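Quick notes on the structure that follows.
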Amino acid sequence: MKKAFLSVLLCVAMCATLLVGCGNKEAAATTTTDSSATTETTDEAAETVTAPGTYDTLVVGTQVFDGVFSPLFYESAYDGQVCDMIFTSVCVLDPDGKLVDNAGHVEVKEEGGKYIYTVTLQDGLKFSDGEPVTIDDLIFAYYVYADPTYDGNSTFGTLDIEGMADYVNSAAPLWKCLMNATADNTDFANWDEDTQKKFFEEDLPTAGAAFAQEIVDYCVDAGYAADANDVSTAAGAWGFEVAEGGTAEDFFNAMVEAYGGDLLNLSNTESAGSSLFDLLDPAYTEAIELTDVNEITGIKKVDDLTCTVTFNSANISGDKLVAWQPLVPKHYYGKDFKKGDLTSVKALNNAPLGSGAYTFVSYDNNIVTLAANPGYFKGAPQIPNLKFQVVDENTKVDLILNGDIDITDPSASLEVVAQMEENADKAAYSLVDNPGYGYIGINAENVPDLNVRKGLMCLMNREPAVKSYYGELAEVIERPMTPTVAEYPRDAKPVYSYDPAKALEYFKEAGYEQKDGKLVKNGEQLVIKVGIGDASSHPSTPILTQMANDMADMGAELVVNDLQFSVLTDMVKGGELDMWVMAWGNATDCDNTQMFGSKGGSNYQHYYSDEIDALQAKILQTVDFDERAALVAEELDLIMDAAIYMPVYQRKNMEIYNATTLNIDTLPERTTTYYNYASQIEKLQMN
Amino acid sequence: MRQYIIKRVVVSFIVLFLVSILLYSIARSVPGDYVANVTGGNPNITPEMQQRMRELYGLDKGIFEGYVSWLKDALHGDLGTSFKYQKPVVEVIKSYMAPTFALAFISMVLEILLAIPLGIIAARKQYSMTDYTIVAIAIMGISLPSFFFASVLRRWLSIGLGILPISGMVTARANYQGFDLFIDYAKHFTLPIIVFVINGIGGLLRYVRTNMLEVLSADYVRTARAKGLPERKVIGKHAFRNTLIPIVTMVGGMIPSLFSGAVITEGIFSLEGLGRVALDSVYNGDIPYLMGFNMFIAVLTLIGTLISDILYAVVDPRVRY
Amino acid sequence: MEDNKELLKKNLQEQDEFEKNQVIMTPGQLVAKRFFRNKLACVGVAIIIVMSLFCIIGPFISPYGEYEIFYKDMNTGVEHRMQEELDMSQMGINVKAPISEAHWLGTDTDGRDVFTRLMYGGRISLTVGFVVVIIELIIGIFLGGLAGYYGGAVDMVIMRLVEVFYSLPFIPIMLILSSLFVGYNISPQYKIYFIMIVMGILDWAGVARTVRGQILSLREMEYMQAAESTGIKTSRKIFKHLVPNTMPIIILIATMDIGSVILYESVLSYLGVGIAWPYASWGNMANTVTDSIILKNYPNIWAPPGLLILLTVLAFNFIGDGMRDAFDPRMKR
Amino acid sequence: MTAKEQKQRLKEIKKFNAKKYKEYNKNQRRKRAPESEYVTKMADNDNIIEFDDLKTYFYTDIGTVKAVDGVSFEIKRGKTIGVVGESGCGKSVTSLSVMGLLQGPTGQVAGGSIRFNQVGKNRAVDLTKLPVKEYEKIRGNEISMIFQEPMTTLNPVFTIGDQLMECIALHNPNMKKKDIEARALETLEMVGIKRDGMLDLYPHELSGGMRQRVVIAMALSCNPQLIIADEPTTALDVTIQAQILDLLRELKDKINASIMLITHDLGVVAEMADYVVVMYAGRIVEQGTADDIFHHPAHPYTIGLMKSKPMLGEHVDRLYSIPGNVPNPINLPEHCYFKNRCEMCVDKCEGAYPELISLSETHKVSCYLRENEVKGEN
């Protein structure tokens, strides 16, 4: 009897867990549906939606959201897509990529070597909660970007705006302050003497020793040193001299000496993993207010609808940086905003509010739901509801053809185009140039010999791969810059064409010789480690296949690592690969400093050239287009000569539309890289 | 009985403890520079979070010391902060578990409801055409990877015939409420559940069949027949109750595979559940979440085994604790 | 009476002779007989033999390499091999080529011969299956044997360990371990070995549990008590007397597991943590099925690997089923 | 025999079996049949059951096993008959043939008939032709069976009461639940194990002897005309054996049913049986009253059996054992099956299988040695 009771109890318990499990979302807690009932509802649904004029919801198929729906902080393009609907920018891009007025206007004038941008807003703009839009809202965005603790995507804080540096540097993590102040500092306004003493006498040396030890361990792993105590040998391998029997601390001191006390530089250059400052107590990462600079002098409010931004130097994309910015309601986001503390702003990342065509309703079940904003300044959108649904890349076309979604962007391929043509009655598509390009990069630190790099370049057989993979949908490019940028040198000639014989010559020039079927130098075989993301469906895969084959013939080896994209990125950033296959996207100007400048954050090839740096600086300040284009061509030639980047292809992006639900005639006449359905969403209609 | 349950719970805790050691040591074997690498390039991940992870797994401490502090945190429900979601792992699990649970449990119930009768029929007609057909089809279900089935079935049912939705959890276009919403959910879950059931039923069915064969040749079945019981009752009562015993133990063991399967099925059908999040976290190097997810499944498995063991005692009077 | 005895002797001899003439079978023959009466099991054996030949001998016969790509003259449509001296400006890669005499199953998205890759892929898939099962058997038999024989504390510890490994969900654990592979910078050539080892280590619990159960019941049998009384060494007792008697069930588990390991390999490849490019495995070839364009337009790329996986796993399962029925004398009719 | 021949032979067997299985399956599918097909007449209305040239064969992979090959005998109402023989002689198969519990489709009744006298219904049926539905009414009701192994014959997951009452309820559909329980308790009392809460116990909570008593109670519960007891004591301890035998003997007088006692233990037969049938390799070699068999055994096999039985008060150096083994049951030679082990065989034994000859009205034997005796007497 007891047992019977127990079994009942257990059943109840199990049901309870089931219910709890399904509590918050009533996700199909019962068994599958009665199939007849299912089909019935399908029929009904089909009937109701095929009646003319009854589509009231536009569904856009997109990919995974991070859930950061704030124009100030979003990272993923898909989150950005949503933000574009909810927020308006002062100016936007026209089909040709030129900045044009939207909710306002921008003008620039030169005055005594300074460039003053004047931004004016239209009168009468309102946020969706009814509050009027003022210039304060734009200035608020500037201040968020410029905040010392800002960690989003925008580079606004690095611009050469009057007073910007003072503002940004007015606060810094404690360690940075201490470091800059040095041990001799006697100003204890921001921290006390004990802290300083403890930092320099205990914590820094400890962290330094840990930092050095990491290098030693690395050397041990790599076989350069015998064991973790063998600091002297490891230091030797790292290029420093430490006496026999020295400790990790000695090693660190040796490094400090070599860098003349520039610990920041030391940490960046020598790190075997952790940054020196990561090894410090987390208490040191807290921000310290250094000065009471609370304003950026270059940003001035003129009246409620006008402000000026003063640049110290010329910037070719200054207008975009100033005016292609969203209007974020200060009264909403900025309520608790203080300099140095963005948490209150970030807290609203999941509840955006703006003055765009649509307002945010909800984000659940992988769907972002938006509703039309009747007060939108360009007129209320014609489609009352807009939803962004997360869909799988592989099913995008089917979803369009099945009528589940209305607009999406599958990766363009000949088959997709063919399928679209086949279903011309049900779907339409547009092809635009992708503002980016695919390339194969070489790490100049790991492959220091220019001739080896050149040899590798000569083994890259790009044309057949790109042609067969993309057909008409992509072209082989010869310089590392996307041709959608006006400055791209369209008549550039190939620098390295596919020629295994020549490659071998280069290798021989580099000192390699073929011995017993192996290509060796100083007894070591030429082995190149290359990384590629998702190789099974990558246009560059055949290039590597051919390359591996040719290198094997020569007696060298190409080790291909097929990696997940995130891992590939990490390995490239960590400098662990000799060569990698990647692509750049979303380029809007000819500024290459990030990728090729010595201080560029994306200079993964670790090739540093003063000549290139100088050219880049010059380009950024050359306002005349032709002059600039010539400089760009020169810069790109230099990069090609260094054999660090092999541009591979520039492809087209595709957008496909559901012709049954969508009134295709209301789509933009000219869809380009810079201009698509979203650019005039308020005009879009459904059947 | 109560004593037995207490004993089982204690043993479960011991096992959980061992599982945690194992999981912890896996987390520990993540190389330090990998943490820095994976997290360093991602602007979402603050140094605090990196530090938090190092602290959590005690990468800076000795193994023992590190484990103790990790265990302490884990016992307080702190399994770390998900890199991707920037929320405590426990919270992430909570917010994504509904679809996974719905999927897993409905599939499990269906599997059991289908496998038992079919297994019995196959056993009754051993070596007959019926037997061959049932067994062959069931084994076919476990002979193809689930992603393969999912793709082909979707091609056929969703894209070809348009009977079922292609992916997602609800129809985005419609704004269903109440019961319609429920039906909409059900429609979206149908295909994933079919894939689950096809993939899971074979093992169970075969198990039922083998056990039934064994039971059918048992003396007490002959006794039941000798009593003059109609065949229906011989099978339905005497044989069935006895096959139930091993089946009950098997059901508890199904949990890990159900959740493992969720990783694939949810990914393919764009269902926002734990499995899909797990898959994403691999791509994001979100080790804290993966660890938490594994720990969560381990706990579920142990609960499942515990329930199985107790049910075992309920269905088999010979088992006395 | 004397007479009678003689006669009896003669008669008994006669009977012996008569019995010799009968169709008499050894237990092994009986098992084989029962096994081969199961039609599905016979089919299974046939499939495995064909598959093994295909994968082992195939690559020697195939004129192409595992990752050889083919070029096609864009103007003439003539196909060229990658070793030839080619005028590259005219060449495209012969991707997704249809079935032809040169490519019996066409070429894949990278312009490699599908048929050839099936052979190489099968080698990998079958190797993974066998190696993983061997590893899990070694661990499982060893630990299961110890647990079953010694019982008590040893059993307690080992069985808890078994439960621990049971509670680990295979795929999520593999997902974590794959980040480890990346973290430790394991190159693609060696990754496959690591995967095999890890799979084996994660999979032994079932074997151990079964072996233990078997040994527990065998230990009670008389012949074991007889062996006990002769005072032979313990290790000899376990691994010479007990374990061999669990062989039927072990062979059974092994057969079934090979199938499931092959499946797991394909799932891992699908998740991107399995056999890496450029190496072929049936799993990563079957992954193409998730690409809806390939699924729709190129059945010659996705269907063959799927079919081979299906047939092979099915075959191993059929064989396993047949063996179980054959070994179990209660099931005879 | 060469391998090729063997293969050929196996193939033939397979083909033959397939045919037999098909026939069997066809028959099995028939749940009902017209009465005329199975209703028959008893040769003697005093008999409860008559076996007439019963042939039960097993169609195995290596050939047809003639487990029961032309057995004829009858059981008188209220009498106990003992069926004796070595294991594998076909005695259990005979009983299973009566119950229709042969493992199909391998085991089938290949010929002959078993006529059962349904006293209550005033008719006789041929059990070998009975359709399933009719059989179910007889099994457990008019004929019941006590199996050899009490440990496994009871279903471990149901209580004693459950299993006992199930049988009663099944054959007495009009009975109320209370009455059923009362009847169950009554039968338990009959077998001497009525105790409070007995009905709620599970089999594993009982000892072997108790279980066998439960099995016996189950067999008695519906007042059967015929009880088949297949080695009811073999699996039990000696003391328990005695108790069970006492019980059976006691019951035999009480319930007025016929009992078919199958055993290899001559002692048991001597205590219980009115008539004895001795079987060897699927055939009856000798049959008669207990007195006939025990005091005047005629067949060399019976004589051998008697000799191999230890007797109290007799001193023998070594217990006698019949030389040789039971022959392989497949493709037995045409001559007397016992010939090869027989110490008394004569030249004539080489000939055809000897006919069953009557030594007296009750005593029959199948042996050439006794041919003369019959003649002599006549």
Side-chain angles (χ1 to χ4, degrees), chain B residues 11 14-16 18-19 22-23 26-27 29-31 33-34 37-38 126-127 132 135-136 139-140 142-148 150-152 155 159 202 206 210 213-214 217 253 256-257 259-261 263-264 267-268 275 278-279 281-283 285 287 290-291 293-294 297-299 301-302 305, chain C residues 37-40 160-161 163-180 182-185 259-260 263-267 269-273 283 286-287 289-292 295-296 302 305-306 309-318 320-321 324-325 328 330-331 333:
Chain B
V11 170
I14 295 172
V15 172
L16 197 60
L18 293 173
V19 170
L22 199 73
L23 286 177
I26 292 174
S29 11
V30 176
D33 54 338
Y34 177 65
N37 264 346
V38 146
Q126 194 190 10
Y127 296 129
Y132 282 136
V135 170
I139 298 184
M140 238 182 251
I142 49 171
S143 299
L144 266 182
S146 54
F147 67 84
F148 203 90
S151 301
V152 174
R155 168 94 208 128
I159 300 171
R206 195 156 51 171
T210 317
L213 282 176
E214 212 161 286
S217 59
S257 66
F259 279 82
S260 285
V263 174
I264 297 146
I268 289 181
L279 194 54
S281 21
V282 180
Y283 302 141
I287 292 168
L290 281 177
M291 295 300 299
F293 180 54
N294 275 304
I297 297 178
V299 171
T301 309
L302 288 170
T305 330
Chain C
R37 198 193 31 233
N38 188 330
K39 286 183 204 104
L40 290 179
R160 292 297 84 78
L161 212 57
E163 278 176 49
V164 167
F165 277 85
Y166 256 133
S167 321
L168 296 178
F170 180 75
I171 289 171
I173 284 283
M174 282 310 286
L175 293 184
I176 295 199
L177 292 175
S178 73
S179 353
L180 282 191
V182 176
Y184 282 109
N185 240 326
S260 62
L263 275 189
Y264 270 131
E265 181 274 317
S266 70
V267 168
S269 292
Y270 165 74
L271 294 174
V273 297
N287 281 344
V289 77
T290 50
D291 183 328
S292 101
L295 179 59
K296 181 166 179 255
W302 64 265
I309 293 179
L310 176 73
L311 285 178
T312 309
V313 180
L314 211 55
F316 277 118
N317 274 307
F318 285 159
D321 267 1
R324 172 161 39 213
D325 289 1
D328 198 337
R330 276 170 305 183
M331 310 255 168
R333 55 177 170 196

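Here the structure is a predicted model, which is why all the values come from computation and not from measurement. Atoms considered below: every heavy atom in the structure, side chains included; atoms not considered: hydrogens, waters and symmetry mates. Here is the naming used below: chain letters follow the sequence lines, and residue numbers restart at 1 for every chain.
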Please flag which part of Ser151(B) lies under 4.5 Å from any non-hydrogen atom of chain C: side chain, backbone, both or neither.
both

Option that, when pairs with chain C are counted at under 4.5 Å, heavy atom only, ranks first among Val11(B), Leu302(B), Ile14(B):
Val11(B)

Let me know if Leu144(B) has heavy atoms under 4.5 Å from chain C in its side chain, its backbone, both or neither.
both

Describe, in one word, how the ring planes of Tyr270(C) and Phe147(B) are oriented to each other, choosing from parallel (under 30°), tilted (30 to 60°) and perpendicular (over 60°).
parallel

Given side chains that start at C-beta, do those of Glu163(C) and Thr305(B) come closer than 4.5 Å, heavy atoms only?
no

When the 4.5 angstrom heavy-atom criterion is applied to Asn287(C) and chain B, the contacting part is both

Would Ser269(C) and Glu265(C) count as a side-chain hydrogen bond (donor to acceptor under 3.5 Å, both in side chains) if you check the C-alpha gap in whole Å, the side-chain angles of each, and the deciding distance to 0.1 Å?
CA-CA 6 Å; Ser269(C) 292; Glu265(C) 181 274 317; 2.9 Å; yes

So what's closer than 4.5 Å to chain C heavy atoms on Ala150(B): side chain, backbone, both or neither?
neither

Among the options Thr301(B), Asn294(B), Leu22(B), pick out the one with the most heavy-atom pairs lying under 4.5 Å from chain C.
Asn294(B)

To the nearest 0.5 angstrom, please state how far the CG atom of Leu263(C) sits from the OG atom of Ser143(B).
6.5 Å

To the nearest 0.5 Å, how far apart are OG in Ser167(C) and CG in Leu18(B)?
9.5 Å

For chain B, find which of Asp291(C), Val267(C), Leu311(C) contributes the most heavy-atom pairs closer than 4.5 angstrom.
Val267(C)

Part of Leu23(B) within contact of chain C (heavy atom distance under 4.5 Å)
side chain

Relative to chain B, which segment of Tyr264(C) carries a heavy atom at a distance below 4.5 Å: side chain, backbone, both, or neither?
neither

Rounded to the nearest 0.5 Å, how far does CG of Asn317(C) lie from CZ of Arg206(B)?
4.5 Å

Which atoms of Phe148(B) come close to chain C, meaning under 4.5 Å heavy atom to heavy atom: side chain ones, backbone ones, both, or neither?
both

pair Phe165(C)-Leu168(C): side-chain heavy atoms closer than 4.5 Å:
yes

